[in-house]
Structures are given as C-alpha cells and as structure tokens.
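Worksheet for the structure shown next.
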Protein chains: 2
Amino acid sequence: MENDKTNFDSRSLDKTYHNPTEATLERIGGKWKTAILCLLAEQGAQRNGEIMRMLSPVTQKVLTRQLKELEADGLILRTVFPEVPPKVVYELTESGWSLRTVLDPLCEWGKRFVKADKSV
Amino acid sequence: MENDKTNFDSRSLDKTYHNPTEATLERIGGKWKTAILCLLAEQGAQRNGEIMRMLSPVTQKVLTRQLKELEADGLILRTVFPEVPPKVVYELTESGWSLRTVLDPLCEWGKRFVKADKSV
DNA sequence: CTGGATCCACCCTGATACTG
DNA sequence: CAGTATCAGGGTGGATCCAG
C-alpha cells in the first residue's frame with residue numbers, strides 16, 4: 001500500500017520500445033529532468049535547495065520526484081550527509097555524464113529553433 | 001468554438017523555457033514523434049498508411065494528431081495528391097532534417113542504455 | 001485511403017500543509 | 001533543509017464510430 005511510488009522503475013523491465021529514442025526520452029522526458037541534468041553538468045554537484053532555486057517555479061514535491069526517478073535510472077547520485085540540518089547533494093553518475101551527448105544537441109537545437117521561431 | 005484544436009501551436013508564442021532543451025522536447029516529445037521522424041529520415045517520404053503500419057499499434061487518430069503537430073511545427077511537410085482514392089505523403093522539411101543531430105544521439109544513447117540495463 | 005469527432009482513462013504536474 | 005501526504009487539474013494517448 002506504500003509501494004505505489006515504485007511504478008517508475010518497473011517500466012524498464014517489460015517495456016518494448018518502438019524506437020530506441022523512446023528509451024532515452026522516458027528517462028529524460030520529465031518536465032524538469034533535462035534542466036536538472038544540465039544544471040548538474042554545468043555547475044557540478046548541487047544541494048536540493050540549490051536546484052530548487054535554479055529551477056525557479058518548481059515545487060519541492062515535484063523536484064523530489066524527478067530526482068528520485070533520475071536516481072532510480074542511475075543518472076544521478078544522491079548523497080545524504082548525516083548532519084543537522086540535513087544536507088543532501090546530487091551529482092551526475094557516469095551514466096548521467098554520458099547523457100551530455102544527448103543533452104548538448106537537444107540544447108543547441110532548441111536555441112536555434114526558438115531563435116528562428118521569433119525571427120518569423 | 002472550433003478553434004480548440006489549435007492549442008498546440010500557441011505554446012511557441014508565450015511559453016517561457018527554463019532550458020533550451022524544453023523547446024526541443026516539446027516538439028519531439030510526443031509518444032510517436034521521434035519514431036515518425038526517424039522513419040521519414042531513414043525511409044524518405046511515406047504515405048499515411050505506411051507510417052501507420054510501421055508504427056504498429058498506433059491508432060489513426062493519434063497518428064494524425066502527431067503528424068499535424070509536427071507539420072505545425074514545420075518539421076514535416078504534408079502533401080495531398082488530389083486523387084481517388086486519396087493519397088497523402090509526409091516528408092521531412094529542412095528543419096526536420098536538422099533534427100538528425102538530435103535524434104541520432106537520442107537513438108544511440110537509448111540503444112546503449114537498454115543494452116546496459118539488460119546486462120545487469 | 002485519409003482524417004475528424006467523441007468519450008474515456010491514465011499519468012504527470014502542481015498547490016498546500018505537514019513532519020523529522 | 002529535505003522530504004512526504006493529499007487532492008485537484010490538464011494534457012495526452014487510446015478505442016470506436018463516422019465522413020469525404
């Protein structure tokens with residue numbers, strides 16, 4: 001009755017993809033995931049509060065979920081420092097770093113598209 | 001009362017993106033869009049029925065919507081041949097072709113991830 | 001052959017309030 | 001500071017029937 005949060009890590013087991021791109025998009029497709037990954041890639045390890053501030057209007061709950069999913073997919077590493085007050089740091093894993101080959105073009109194309117869109 | 005279908009092309013006007021990647025993902029993020037784009041990139045121009053068969057369990061309505069959105073975003077070109085029976089051909093535009101720089105890494109990473117996932 | 005119209009169901013996101 | 005619980009809303013995919 002409390003394992004209704006683990007639905008996101010069951011997809012990688014039985015899912016059949018029509019296209020390899022689906023596998024990627026399912027992992028970075030969350031609304032804030034690419035922003036998180038880019039942030040960690042550019043700024044290095046960040047605390048929860050830092051990420052929250054950088055992503056402006058994201059709520060704690062949603063951010064936590066995105067982070068948990070990213071962690072479950074092995075893209076980021078979550079480290080808890082046993083201190084008071086609590087301190088949690090997120091950073092990219094090796095697999096997360098390998099996403100730069102995906103995120104960079106994604107970012108580049110987005111910038112070009114938006115620019116072209118405005119110039120019309 | 002009949003313009004409730006144009007909601008998908010209004011996002012590019014007022015949307016503020018937290019990250020350039022969002023702009024890209026919003027255009028290729030549909031469930032079948034990457035598959036469509038990859039298909040058109042690899043197989044060239046295709047008819048509606050062809051695409052439908054290639055993407056197996058997609059329904060006509062959903063496929064049509066994805067195609068319309070891709071067309072509205074200027075990624076594919078829709079050509080109607082005034083024949084009986086009707087013949088409609090979809091093909092990539094220049095902008096659509098430029099997406100290969102995004103789709104290729106997306107595809108590559110997906111293949112590697114799935115493979116690594118299974119090898120665990 | 002191609003595409004529109006409905007109705008439906010699910011998932012994801014978001015707002016708020018609360019806990020350690 | 002970090003995370004959870006609950007509830008509500010919107011978007012999106014899907015099944016089916018209908019039309020040119």
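The sequence lines fix the lettering, A, B, ..., with proteins before strands; numbering per chain opens at 1.
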_Nucleic acid footprint by protein, nucleotides 15-20 of chain C - heavy-atom cut-off 4.0 Å, B for base, S for sugar-phosphate alone_ = B----B

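Judged by distance alone, with hydrogens and angles left aside, the side-chain atoms of Thr24(B) form a donor-acceptor pair with the main-chain N or O of Leu106(A) at under 3.5 Å. Without hydrogens or angle criteria, Asp73(B) side chain to Leu75(B) main chain gives no donor-acceptor distance under 3.5 Å.
Between Glu50(B) and Arg53(B) there is a salt bridge, with a side-chain nitrogen of the basic residue lying less than 4.0 Å from a carboxylate oxygen of the acidic one.
The two residues Val89(B) and Ala45(B) come nearest to each other via the heavy atoms CG1-CB, 3.6 Å.
Atom pair Ile51(B):CD1 and dG3(C):P shows a separation of 9 Å (rounding to whole Å applied). The interatomic distance linking Glu69(A) (CD) with dG3(D) (C1') rounds to 15 Å, in whole Å. The separation between Glu71(A) atom CD and dA2(D) atom P is 15 Å, rounded to whole Å. One can place NZ of Lys31(B) at 11 Å from C1' of dC10(C), the figure rounded to the nearest angstrom. The interatomic distance linking Phe81(B) (CZ) with dG3(C) (C1') rounds to 17 Å, in whole Å. Rounded to an integer number of Å, the gap from Arg53(A) CZ to dC1(D) C1' is 10 Å. The distance from atom CD of Glu22(A) to atom P of dG13(D) is 11 Å, rounded to the nearest whole Å. Here the P atom of nucleotide dA2(D) and the CD1 atom of Ile76(A) are 13 Å apart, to the nearest Å.
Between the side chains of Ser98(B) and Glu94(B), no donor-acceptor pair of N or O atoms lies under 3.5 Å.
When distances run from any side-chain atom of Arg65(A) to the nucleotides dC12(C), dT4(D), dC1(D), the shortest one goes to dC12(C). Of the candidate nucleotides dG3(D), dG4(C), dC1(D), dG3(D) has the atom lying nearest to any side-chain atom of Arg78(A). Side-chain proximity of Arg47(B) to dG13(D), dT4(D), dT2(C): nearest is dT2(C).
Between Gln66(B) and dG13(D) there is a side-chain polar atom (N or O) within less than 4.0 angstrom of OP1 or OP2. Side-chain nitrogen and oxygen atoms of Tyr90(B) include at least one within less than 4.0 Å of the OP1 or OP2 phosphate oxygen of dG3(C).
When heavy atoms are screened at a 4.0 angstrom cut-off, Glu50(A) is found touching no nucleic acid atom at all. Among the atoms of the strands shown, base atoms are found under 4.0 Å from some heavy atom of Val62(B).
The hydrophobic clustering, which links ILVMFWY residues whose side-chain heavy atoms are closer than 4.5 Å, places Leu99(B) and Trp97(B) together.
Comparing Thr64(B) and Pro85(B) against DNA chain C, the residue whose closest nucleotide sits nearer the 5' end is Pro85(B).
For the pairing with Pro20(A), the side-chain contact (heavy atoms from CB on, under 4.5 Å) check across Glu108(B), Arg112(B), Lys111(B) returns one residue only, Lys111(B).
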